[in-house]
Amino acid sequence: MRIAVHAVGRMKAGPETELADRYFDRFSKTAPAIGLDFTGVTEVTESRAKTADERRRAEAASLDSAASSGAALDLLDERGRDLSSEELASRIAALRDSGRKSLIVAIGGPDGHDESLRKASTLTLAFGKQTWPHQMVRVMLAEQLYRV
């Protein structure tokens, strides 16, 4: 099963980027052994629309084409389910074993995800109840995928 990360916002050079890249690289090298293929991170620029609703809609549109391909869609959001590493690994394995061809994990912008994405998602996942900076979320996601 192919796994892709879709992120609103761009990482700047620095230790967070280096750490995320290190874990994504580890994941891409170890994933094939368990039937997974990391296809990379797609970064989209944050919307400059005037309202939060307009920004969320514009950012969601950038994900529509990828999500409409039949991929499972997991959203990262502080209001999501707080799964253990083992539960996340089991969930990804279940998607793979059920014949799902791809999974997109989406990191939203500062305003979060549009309601249309929430309705289309297969899971909304949280890394705890706190709100985390985008850079930290990317590092945590990379490390958790590597753990899978």
For Phe127, I'd like to know if atom CZ has over 12 heavy atoms of other residues, nucleotides or ligands within 6.0 Å. yes

Should the heavy atoms of other residues, nucleotides or ligands under 6.0 Å from CZ of Arg10 be counted, would the total exceed 12? yes

Sidechain-backbone polar pair: [X] side chain, [Y] backbone, donor-acceptor under 3.5 Å:
X	Y	result
Thr42	His6	no
Arg2	Asp37	no
Glu59	Ser47	yes
Glu43	Met11	yes
Arg56	Asp111	yes
Arg147	Leu88	no

Supply the atom-to-atom distance Ser28 OG to Ile3 CD1, rounded to the nearest 0.5 angstrom. 11.5 Å

Here the gap from Leu76 atom CG to Arg138 atom CZ, rounded to the nearest 0.5 Å, amounts to 11.0 Å

Locate the shortest heavy-atom distance separating Asp77 from Arg79; write the atom from each residue and the value. OD1-N, 2.7 Å

Under 3.5 Å, is there a donor-acceptor pair between the Asp53 and Thr51 side chains?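 Absent: no donor and acceptor within the cut-off.
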
